[in-house]
Structures are given as structure tokens and as C-alpha cells.
Trainee: 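Sharing a structure here in C-alpha cells format.
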There are 2 protein chains.
Amino acid sequence: MAVTLHDVATLAGVSIKTVSNVVNDYKHIRPTTREKVLAAIDTLGYQPNISARSLRSGKTGVIGLALPELSLSYFAELADAVIRAAERRHLVVLIEQTAGGDREREIEMLSSPRLQLTDGLIFSPLGMSSDDVGYLNVSYPLVLLGERIFGGPTDHVTMRNVEAAKAATAHLIARGRTRIAVIGAHEGEVVGSAALRLRGYLDALAEAGIEPDESLIRYVGLWHRLDGAQAMHELLDSGVEFDAVFGLNDTLALGAMRVLQESGRRIPDDVAVIGFDGLDETKYSLPTLSTVDPGRDEIADMAVDVLVERIANRDAPPRQYLTDFSVIGRESTAD
Amino acid sequence: MAVTLHDVATLAGVSIKTVSNVVNDYKHIRPTTREKVLAAIDTLGYQPNISARSLRSGKTGVIGLALPELSLSYFAELADAVIRAAERRHLVVLIEQTAGGDREREIEMLSSPRLQLTDGLIFSPLGMSSDDVGYLNVSYPLVLLGERIFGGPTDHVTMRNVEAAKAATAHLIARGRTRIAVIGAHEGEVVGSAALRLRGYLDALAEAGIEPDESLIRYVGLWHRLDGAQAMHELLDSGVEFDAVFGLNDTLALGAMRVLQESGRRIPDDVAVIGFDGLDETKYSLPTLSTVDPGRDEIADMAVDVLVERIANRDAPPRQYLTDFSVIGRESTAD
DNA sequence: TTATGAACCTACAACGTTGCAGGACAACAA
DNA sequence: TTGTTGTCCTGCAACGTTGTAGGTTCATAA
């Protein structure tokens with residue numbers, strides 16, 4: 001059925017190896033020979049067998065991308081960006097979902113035989129924590145994304161969470177807001193997106209000389225829209241005064257915004273709202289949502305680059321890479 | 001570096017083939033031998049080399065999924081469902097994006113050597129049309145999704161678009177609405193989601209004895225939120241009266257809803273709105289959006305099943321499979 | 001006792017490719 | 001002339017696996 005080097009070689013009247021050389025752009029080939037071979041390849045419609053090539057070379061041209069779940073917009077947009085970045089480098093992406101970031105699933109995934117197909121993995125953990133850092137000692141090239149785990153034995157690409165959250169908070173302060181609620185904190189967390197962004201929030205308050213108010217900090221379990229909505233309900237019920245909300249991600253902010261509107265508050269007049277992540281969706285909400293763009297394309301590009309380098313050179317010491325961010329002001333924080 | 005059958009065989013004191021037999025659950029193996037081998041596998045941490053296995057067997061355990069782009073929620077949720085469905089069958093999914101549904105890219109993708117890695121493809125076209133049906137004559141197992149192309153030479157999984165759109169429209173009519181605008185029609189289209197859903201809309205009107213009004217049918221280019229918003233602007237500017245809106249997909253409906261609210265209309269009091277696709281997001285909008293659930297999980301399950309069958313039996317005639325749908329009433333069409 | 005067949009195990013070849021080593025030939029310098 | 005260098009091409013072996021065919025052992029039946 002399938003056309004092999006052998007078939008091409010026979011038709012072109014050369015050896016198998018010469019065909020292979022042509023296919024792989026080997027230098028020392030007479031132009032006439034090259035053309036004969038290319039013609040044969042063309043008439044037979046030859047395509048190299050990737051399995052055989054992989055077996056021989058040990059490379060597959062596939063990279064893995066493990067993330068909690070594609071239904072979450074943040075990860076869908078991340079996957080989109082990673083696939084595009086990989087494509088530019090002639091790599092193809094195989095996606096593993098870890099059941100919404102289940103710790104056991106993540107650990108299991110790290111040693112899954114399914115990764116055999118892969119030259120390396122880009123991993124965005126959610127359930128695992130720094131305690132699980134030992135599981136990252138894998139035998140294949142691994143690039144870590146996000147803020148769940150620091151100081152692991154692998155390359156790590158992440159954004160400047162503290163600085164970005166500080167900038168988002170400063171954005172609100174610059175618009176005269178002083179009673180800024182923050183939604184999405186995680187009880188007792190030290191690293192992780194929630195903790196880092198909360199720290200940025202506190203830094204900004206400190207810099208502006210605003211006393212932090214614990215009653216303005218709302219804790220949630222997950223970072224879904226429902227959690228944002230519920231946290232806002234609680235905040236409203238508590239009766240505490242506030243004139244701005246910082247959602248530690250866009251989804252939380254959108255959920256909170258909905259509840260604010262239901263309660264009759266005007267955005268941004270009564271309450272200004274800002275999110276975090278730069279989701280596409282924030283451009284279309286009512287009102288449009290100010291947010292922090294973490295530079296997703298840059299993260300994706302960098303992650304793929306770093307992985308490619310790591311595949312080429314496994315002995316280099318692991319490095320940490322930081323991307324740039326930008327605050328995007330929209331209607332929800334308009335003056 | 002990597003542990004092979006050979007290493008395991010040496011340690012266990014049996015032949016390579018016996019180890020292979022154990023790994024592949026060959027029946028006639030003495031329990032004691034099996035345990036010896038399993039012990040050796042365990043101590044060495046053996047994992048089969050998938051490239052070699054693929055080369056030998058011609059199967060990779062990978063299926064391709066080609067779709068316009070993951071940033072569009074519909075496709076992100078579809079990909080999520082397909083990956084889950086594939087996982088249940090011990091398959092892994094490789095995702096190809098076709099640049100938002102670019103026709104050239106779709107055609108190119110169909111003969112990409114990247115598909116070599118794959119046992120078959122699930123393809124959700126957007127740019128290609130029924131004129132391009134010839135390009136679907138590929139040599140690998142292919143399952144088509146969606147409504148762009150009918151009557152192709154491949155298996156096809158889709159939903160009952162006409163019936164579902166009719167049901168959505170009837171849902172509005174049952175709530176006393178008679179001036180129902182529809183957003184998202186495609187000029188001159190005959191097949192395709194837009195045309196089919198528009199037909200369902202017209203069928204429902206006809207059944208209720210409502211005369212269709214061409215000025216209530218709004219045409220758009222793409223099905224993004226901005227297009228929905230713009231169509232609604234035009235509709236409002238046109239001054240035509242309406243008491244309900246049927247967005248041919250959820251994104252259009254959400255965009256339209258935003259503009260309706262900006263214009264001061266109350267939903268559903270002044271205007272009822274229903275969408276189509278059952279996006280997760282519709283559960284969280286303000287107000288929550290009524291929609292049609294096309295049974296995405298069922299589509300994904302079926303697509304993977306059909307592909308697996310097709311891989312096993314390439315000679316069976318192509319079939320068309322239809323999934324069930326359900327109308328989900330929410331706040332945007334509440335009585 | 002031997003014949004029969006099932007249970008268990010093994011050697012060999014092959015899947016399609018590429019690295020390696022080397023051969024044939026031409027061009028050029030000494 | 002001979003030696004040297006470079007160009008162009010080839011055969012062989014190997015990557016790790018599984019299908020095929022066949023061999024050995026053992027229990028059971030004749």
C-alpha cells in the first residue's frame with residue numbers, strides 16, 4: 001500500500017540510501033540525480049514513514065501539552081497559542097487533559113506511557129503543589145508553566161504575577177478607588193497564582209499608603225464564574241463598603257460583575273472591576289472588562305522554544321523564564 | 001538509556017518474544033513465567049517503544065482532530081469531549097488547527113504528512129464546502145463533523161440542525177413571541193449550519209402560521225460575538241419591531257444580548273433571546289441564555305466510535321450518524 | 001507403552017528508516 | 001607519474017517490536 005524509499009529507489013534507479021539522502025538534503029548529490037529522485041518521489045507520492053524515522057532517530061516531532069481542561073477558556077487559548085508556536089517549528093502537539101487539574105491525574109500523567117510518543121512535555125499543573133516537586137524528576141524534557149510549583153528540577157516559564165497584580169491594583173488606585181475588594185484568594189496558600197497575585201495587591205495598597213482590610217479579601221475554592229458570583233454575593237451580604245473589585249482571574253471577575261449588576265450597582269460608576277488573564281471574552285462582556293494580559297503568545301512561544309532547546313541539550317541547568325505583561329483598561333474601569 | 005524487551009528478557013531469563021507475549025497478554029504462558037517477566041518489567045521500569053510498535057503494526061494509537069481554532073469556545077468544548085472519548089478507548093489526540101477554518105489550510109491539512117502519525121482523522125471543516133467534496137477522498141480513515149459538507153465519501157456525524165432550530169424557534173413561539181428576529185444567516189447558503197438552522201426557523205414559523213418577515217433575518221459574515229453585536233445594531237437601527245431573537249449560535253446571541261441591554265431593552269421582558277450550541281458560557285451570562293444543546297458529548301463519543309470502526313474496517317460503506325438535541329430554557333426566555 | 005494434541009516457549013525475519021564506513025571516480029598538486 | 005582531497009554514491013547494520021513457524025514439554029487417551 002504505502003510507498004517506501006525502496007519503491008522510489010527502484011523507480012529512480014538509485015540506491016535506497018541515495019533517496020534517503022535526497023529527502024534529508026544531504027549536500028553531495030549530483031543535480032541530475034536529485035531531480036531523478038524528486039521526480040520519482042513525485043510520481044509515486046512518497047511520504048516518509050514517521051514511525052520508522054522515529055524508531056531510527058529517537059525523535060517523533062511531537063510535543064505533549066498537559067493542562068487541566070480545554071473547556072476553561074484560559075487553557076483553550078493557551079493551547080491555541082502553543083499549537084501555533086509548535087507549528088512554526090514543525091512540531092505537532094498532543095494534548096493531555098488532567099481532569100480539571102486533579103493532583104492524582106497529574107502525577108499519573110507524568111509517567112504515562114502515552115508520553116512515549118512525545119519528544120518532551122509542556123505541563124501546566126493545577127492540583128500538584130511544591131510538595132510534589134519530586135514527581136517532576138522525569139527522564140524526558142519537561143517545561144513547567146504557571147505558578148503552582150517553583151524551584152523544581154525543570155525549566156519553568158511563567159509571568160511576573162506579583163508585579164502584574166500590583167499594576168492591576170495600581171490601575172484601580174489611580175482612578176481614585178481606595179476600597180478595593182479582591183476575589184479569589186486561597187486560604188493559606190504561599191505560592192500559586194492566588195498567593196502571588198494577592199501579594200501584588202497588598203504591595204500596591206502598601207505603596208499607596210492604603211491600609212489593607214481583611215474583610216475585603218474574599219476566599220474561593222476554584223476560579224470559575226460561579227465562585228466569583230458566590231464570593232460577590234457574600235461580599236454584598238457582609239455589608240462591607242467597596243468601590244472596586246480585583247478578580248484574581250477574568251472568570252471570577254465576570255461572575256462577580258454579573259452579581260454586582262443584578263444587585264443594581266453600576267459598573268464602573270459605583271464599582272470598578274478588573275480581572276486577570278486577558279481572555280478574549282473580556283472584550284465582549286457588558287461592560288467590557290479591564291484585565292491584565294499575561295502575554296499568552298509570548299508564554300507559548302517561549303515554552304516551545306525552551307522545550308526545543310532542552311530536547312537538544314539535556315544537560316544544561318534548568319532555568320526560569322519570565323514574560324512581560326500589560327494592563328488593559330476597558331469600560332469596567334473607565335474614569 | 002531506554003529499557004527494551006531485550007533487557008527484560010535477559011533479566012527474566014526468557015526470550016524476547018516471551019516478554020512480548022506477556023506484555024501483549026498472550027494466553028499460553030505459565031503463571032510462574034509471567035510473574036518472573038512482570039517482576040523484571042517492574043524492576044527495570046520497562047515501557048514499550050511506541051515507534052517500534054507502530055512500525056511493526058502500522059497502528060499508532062493516535063487520532064487526529066482538525067478544527068478551526070481552539071480559541072472559539074465551541075471547538076474548545078468539542079476538543080475537550082473528543083479527548084475524553086478517545087481516552088476511554090486508549091487513544092490519544094493530536095490537534096490540528098486550520099487557522100480559523102481557512103479553506104486552503106483545510107485542504108492542505110488533509111494531505112499533510114503530519115497525519116502520518118495518526119490512525120485516522122476527525123475533521124470539522126468550516127471553510128470547505130460541498131464543492132470541495134473531492135478532497136475528502138483520502139487514503140486514511142476520516143470522520144466528518146458538522147454541516148459544511150454532505151454526501152461526501154466518508155462517515156459523517158452531525159446533529160439534527162433543522163429539527164433543533166425548529167424546536168428553538170417553537171420555544172419562543174410557545175412563550176407568545178411572534179416577531180422573532182434571527183441573527184447569523186449566510187447569504188445564499190444552501191447547506192451549512194446557517195442554512196439548516198434558518199430552514200428550521202422558517203419551518204417553525206410556518207407550522208405556527210406566522211408569516212416570515214425578511215427584515216427580521218439578519219445576515220452576518222462570521223459567527224463571533226462582534227458579528228452578533230453588529231447585526232443587532234443594524235436591526236435596532238432599521239427600526240423594525242421584534243419581541244424575540246434567535247441567535248444561530250450562542251456567541252452571536254451573547255453579542256446581540258449585550259447590544260440589546262445597552263439599548264435599554266429588558267431581557268426577556270422586552271425581547272426574549274435564545275442561542276444554539278449549549279456553550280458552558282450560556283450558564284453564566286446575565287441573564288443566563290436559553291440555548292440548544294446539540295449533545296456535544298454524544299457527538300464526540302460517536303465520532304470516536306465511528307472512527308475506530310472505520311479503522312478496523314475500511315471497506316464498509318460510509319454512513320451518516322445523527323445525534324439528539326435538547327432545548328434548554330433559561331432566564332433569557334423565561335415567561 | 002506410545003500416540004496425540006494442547007500448552008508453552010523460542011528463533012528468525014521483517015516493518016522503513018538512517019548512521020557509518022567505505023568504494024569509485026574526478027580534479028588537482030607535487 | 002603518484003598522492004591527496006573532495007564529490008558522489010552504495011551496502012550493511014541497527015533502531016525495538018511482533019507475526020510466523022516451529023520446537024519442546026507434558027498430560028491425556030489409546
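Below, chain A is the first sequence line, B the second, and so on; all start at residue 1.
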Trainee: Residues two or more places apart in sequence or in another chain: which of them pass salt bridge (Lys or Arg N to Asp or Glu O under 4.0 Å) with B:Asp132?
Mentor: B:Arg103
Trainee: If the condition is salt bridge (Lys or Arg N to Asp or Glu O under 4.0 Å), which residues does B:Asp102 pass it with, not counting sequence neighbours?
Mentor: none
Trainee: Roughly how many Å is it from CG in A:Asp7 to C1' in C:dC15, rounded to a whole number?
Mentor: 13 Å
Trainee: When you match B:Asn24 and A:Leu55 each to their closest nucleotide on DNA chain D, which lands nearer the 5' end?
Mentor: A:Leu55
Trainee: With a non-hydrogen cut-off below 4.0 angstrom, is A:Thr4 in contact with a base, only sugar-phosphate, or nothing?
Mentor: sugar-phosphate
Trainee: For residues 26-40 of chain B, dump all side-chain donor-acceptor pairs below 3.5 Å to protein atoms at least two apart in sequence or in another chain.
Mentor:
residue, atom, partner, partner atom, Å
B:Arg34, NH2, B:Tyr26, O, 3.4

Trainee: State which residues pass ring-ring contact (aromatic ring centres under 6.0 Å, His included) with B:Phe150; sequence neighbours excluded, sorted by chain then number.
Mentor: B:His156
Trainee: Looking at residues at least two apart in the chain, or sitting in another chain, which of them share a side chain to side chain contact (heavy atoms under 4.5 Å, CB included) with B:Leu44?
Mentor: B:Val3, B:Asp7, B:Val8, B:Leu11
Trainee: Using whole Å, report how far CG of A:Leu5 lies from C1' of D:dG11.
Mentor: 15 Å
Trainee: Round to the nearest Å and state the distance from B:Lys59 atom NZ to D:dT17 atom C1'.
Mentor: 15 Å
Trainee: Just jot down the side chain to side chain contact (heavy atoms under 4.5 Å, CB included) partners of A:Asn313, sequence neighbours excluded, or say none.
Mentor: A:Asp315, A:Ala316
Trainee: Using a strict heavy-atom distance below 4.0 Å, which residues from residues 41-50 of chain B are in contact with DNA chain D?
Mentor: B:Tyr46, B:Pro48, B:Asn49
Trainee: I'd like to check the salt bridge (Lys or Arg N to Asp or Glu O under 4.0 Å) partners of A:Glu77; sequence neighbours left out, ordered by chain and number.
Mentor: A:Arg296
Trainee: I need the A:Ile50 CD1 to B:Thr118 OG1 distance, nearest 0.5 Å.
Mentor: 9.0 Å
Trainee: Can you sort out the partners of A:Glu96 under salt bridge (Lys or Arg N to Asp or Glu O under 4.0 Å), two or more places apart, ordered by chain and number?
Mentor: A:Arg114
Trainee: Under 3.5 Å, which donor-acceptor pairs link side chains of residues 82-91 of chain A to any protein atom two or more places apart or in another chain?
Mentor:
residue, atom, partner, partner atom, Å
A:Arg84, NE, A:Asp80, OD1, 2.5
A:Arg84, NH2, A:Asp80, OD1, 3.1
A:Arg84, NH2, A:Asp80, OD2, 3.3
A:Arg84, NH2, B:Glu69, OE2, 3.4
A:Glu87, OE2, B:Arg105, NH2, 2.8
A:Arg88, NH1, A:Asp301, OD1, 2.5
A:Arg88, NH1, A:Asp301, OD2, 3.3
A:Arg89, NE, A:Asp305, OD1, 2.6
A:Arg89, NH1, A:Ala85, O, 2.6
A:Arg89, NH2, A:Asp305, OD1, 2.6
A:Arg89, NH2, A:Asp305, OD2, 3.2

Trainee: Taking five pairs at each end, how big is the angle between the two axes of the helix from C:dT1-D:dA30 to C:dA30-D:dT1, to 10°?
Mentor: 60°
Trainee: How does each nucleotide of nucleotides 4-14 of chain C score, in 5' to 3' order, for protein heavy atoms under 4.0 Å: base (B), sugar-phosphate only (S), or none (-)?
Mentor: ---SBBBB-BB
Trainee: Check the surroundings of atom OH in B:Tyr135: do more than 12 heavy atoms from other residues, nucleotides or ligands lie under 6.0 Å from it?
Mentor: no
